[in-house]
Amino acid sequence: MGNKYWGRVKAFLEQLNTSQREAVEYINGASLVIAGAGSGKTRVLTYKIAYLLRQGVPPQSILALTFTNKAAREMKERIGKLAEPEAARRLWMGTFHSIFARILRYEATALNYPSDFTIYDAADSKSLIKSIIKEMKLDDKVYRPGMIQARISNAKNALITYKAYEQSRELIEGDMRSNVPLIRDIYKRYQTRCFQAGAMDFDDLLLQTNILFRDHPEVLNKYRSFFQFVLVDEYQDTNFAQHLIVLRLSEQHGRICVVGDDAQSIYSFRGANIDNILQFKNHFPGCRIFKLERNYRSTKNIVEAANSLIHKNENQIEKNVYSEKEAGSKLSLISLYSDYEEAYTITAKIAELRTANRLHKYSDFAILYRTNAQSRIIEEALRKHNMPYRIYGGLSFYQRKEIKDIISYFRLVVNLHDEEALKRVINYPARGIGNTTLSKLSDAANEYNVSLWTVLCTPLSYSLPVNSGTAAKLQSFKEMILSFQEDNQTKSLDELTDRIMRETGIMSALAQDSSVEGQSKFENAQELIKGILEYCEMKREEGVEHVLLSDFLSEVALLTDQDNVKDQNTDKITLMTVHAAKGLEFKNVFVVGLEEDLFPSMMSKDSQRALEEERRLFYVAITRAEENCIITYAKSRFRNGKSMICIPSRFLKDIDHKYIEIPGESEAESKPDDFSFERQRFSSEGTSFISSRREPVSVQTPTSNHQKLTKLNTETAATAVSDSGDYKVGTRVSHDRFGEGEITALEGEGSNAKATVSFKNSGVKHLLLKYAKLTIL
DNA sequence: CAAAATGTGGTTTTT
DNA sequence: CCACATTTTG
């Protein structure tokens, strides 16, 4: 290589400080980078990868695992600028889940899974667990689905298969003591059903990868030699399953670099084990440790306040995070009477800061809270003040009911045995296959140990006790799905999308629903279609000639709300949970709801370990701020519909008071170690509100008009006609609630006669003539 | 069978 | 308060 090249590399490395640079340049062995908050952790990772690429390492031999898809995307972009954009694209970079889902598809046959396996999201898993509990005739108050789901998830993250679970004395006895001895059976059934449905849940993506590597050494060896360099971000938040995958892949060549900060470990509820990072050096003797301690993000006051807080924790790797920036503003602590007042004070404070500094855009502000439920009232306040905001988290677009329903058709087309998808769509839109039929199907499926689809295909072989009408409906549903499946082989994804939307009747069902929610559902469906089309286009631009539906689905299954690229560059205030804010930074940060039983959460207060994690969470929140950090708490808060009295969080005392200012209180009054904020009276600088009364929500409920209509019409209702003989297709009728319409179909006879009526204003309804009071016009 | 009305219960964080 | 399950109604 010529001097010119090295000159460039040298210039490139000069953009880093000494410790960052050492971490980047050390590439021939294991290393652990302990990176304090704001110390340029991502910078080290991106530069290190760019450095490897510049050394001539082929991009496809680098495996880089991140915590979110968004982090991966951003890092790729930055690497593209530091090295070759084309090389950046060919890196194996993504979340554990998305990378190993890809590998599992490729290797699925080794595990006897179809390569088009479905990925069950949390809702699918829960629904399956519910069905199993019902089938086993267990009490769902004792065997709470959520609890079971968590138990199974924890087991999987600790690499305990259902077989291992059954054999574990400890777990079995633990379950006996908790009065839920049958968890092992539920786990077994759950796993069997997933397997039968050709489905993996989120945790399976990690568990099955481990099984793959354990049982198929030749496969493990292939990936070992393929991935010459392994890098992992946010190592403090990996669980045992992830840790072991990383270990297996890199134990031979030892070219592994993990980056993280034990002080920011906040995902133990998901099985993350802080010991993975604390013990890392023991797995790789000779491992070098680099510490990044200079914080480039925040002012001195913020960094030091955060340090004083985190030092209250017992367990941590010793480090000294410091800032070379100016002292900056102190953290401000505001006490309020209610959550309502808290929300309004935030808006007032944002306005104030923006007036004080015209450079502050809305996107320089973030409001961070412990629970998603806290966002609502803040949203209302922001809306009322016409402040633009964007909420992250909660359920992603793809988890909404109407979207999942549509996606389920696609899922079923790709994998006919996908039980959860089938259950969703078999009667959506309504086609007369109700719960009774569905439970008959599922009874038969259980009895014969086959999938729902198998029973549905040949109902006679499983002596399904349904009448001929139902059998015909099942048959036509089956044929419809099969014809979609055929199209999926031959036609393009956008054509298939179009067919599915029209032929299933989803489109017309949505279009005819004129209610407010109905309209938004329709818009969401349009959005989904647009998304699919865009996906196709994007793939084609990438040079993929036949866009695979299964690729789209697996991408969508692992997408979160954070990954919504749309309107990311617009100027909006960010609202999110503290968890979701990890890795981000903002000039001005509000950390709200610092109250006992909220932050720290109620669940954490009887365990020292959990409490320390909550404290780390608060640490993460504060260290997001670059210039201003404003902490609030309320004395009362609406929770579960009731107003509750709240006491200030214990964490407020953990921050050294010399870094805190309490607005409305003079400097002289606040002596260090004087907890005056606890009895501080609310300062009335333009933000005094009557807190007990909440503004009525101005949105009219969609039913209110409907109710009026119903009332009106019952008074003038015409006598019902009960003889089906008077009706025929094309008859114009009137109904109490639905108004005027026309009969488009008739089926059944006698007391079961049923009409399909297309109403002018209320859409298409199926009505039993026995009950429906129809008047012939 | 489908849709509306009523009842109930439960609260953290998320790939 | 809201999501969900169950019951009632047509």
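Numbered from 1 within each chain, the chains take letters A, B, ... in sequence-line order. Source: prediction; values computed, not measured.
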Between atom [atom1] in [X] and atom [atom2] in [N], what is the gap in whole Å?
X      : N      : atom1 : atom2 : answer
A/D139 : B/dT8  : CG    : P     : 16 Å
A/R431 : B/dC1  : CZ    : C1'   : 14 Å
A/I129 : C/dC4  : CD1   : P     : 16 Å
A/D124 : B/dT14 : CG    : C1'   : 16 Å
A/R609 : B/dT13 : CZ    : C1'   : 17 Å
A/K134 : C/dA5  : NZ    : P     : 8 Å
A/R270 : B/dT14 : CZ    : C1'   : 5 Å
A/K642 : B/dG9  : NZ    : P     : 14 Å

Considering every strand and a 4.0 Å limit on heavy-atom distances, what is the contact class for [X]: base, sugar-phosphate, or nothing?
X      : answer
A/T436 : sugar-phosphate
A/D203 : nothing
A/F599 : nothing
A/N427 : sugar-phosphate
A/S643 : nothing

Check the side chains of A/D201 and A/Y190 for a donor-acceptor pair under 3.5 angstrom, ignoring hydrogens and angles.
yes
Any donor-acceptor pair under 3.5 Å linking the side-chain atoms of A/S408 with those of A/D405?
no
Pairing partner (Watson-Crick or G-U wobble, both distances under 3.5 angstrom) of C/dC1
B/dG10
Thinking salt bridges, do A/E613 and A/R616 make one under a 4.0 Å N-O criterion?
yes
Can a salt bridge be assigned to the pair A/E342 and A/R637 using a cut-off of 4.0 Å between side-chain N and carboxylate O?
yes
Earlier contact from the 5' end, DNA chain B, for A/M603 and A/L206
A/M603
I want to confirm an ordering. Mapping A/I433 and A/L617 to their closest nucleotides on DNA chain B, which one lands closer to the 5' end?
A/I433
Out of [options], which nucleotide sits closest to the side chain of [X]?
X      : options               : answer
A/R376 : C/dC2, B/dT13, B/dT15 : C/dC2
A/K130 : B/dA2, C/dA5, B/dT12  : C/dA5
A/T437 : B/dT12, B/dC1, B/dT14 : B/dC1
A/R370 : B/dT12, C/dC4, B/dT14 : B/dT12
A/T371 : B/dA2, B/dT12, B/dT15 : B/dT12

Could you measure between the two P atoms, the one in B/dT13 and the one in C/dC4, and give it in whole Å?
14 Å
N/O (side chain, [X]) to phosphate O (OP1/OP2, [N]) under 4.0 Å:
X      : N      : answer
A/S98  : B/dT15 : no
A/N435 : B/dC1  : no
A/N372 : B/dT14 : yes

Relative to A/Y392, does A/R390 satisfy both conditions: NZ or CZ under 6.0 angstrom from the six-membered ring centre, and within 45 degrees of the ring's axis?
yes
Rounded to the nearest 0.5 Å, how far apart are CZ of A/F397 and CG of A/L559?
11.0 Å
Between A/F96 and B/dT15, do the rings stack, that is, sit under 5.5 Å apart with planes less than 30° off each other?
no
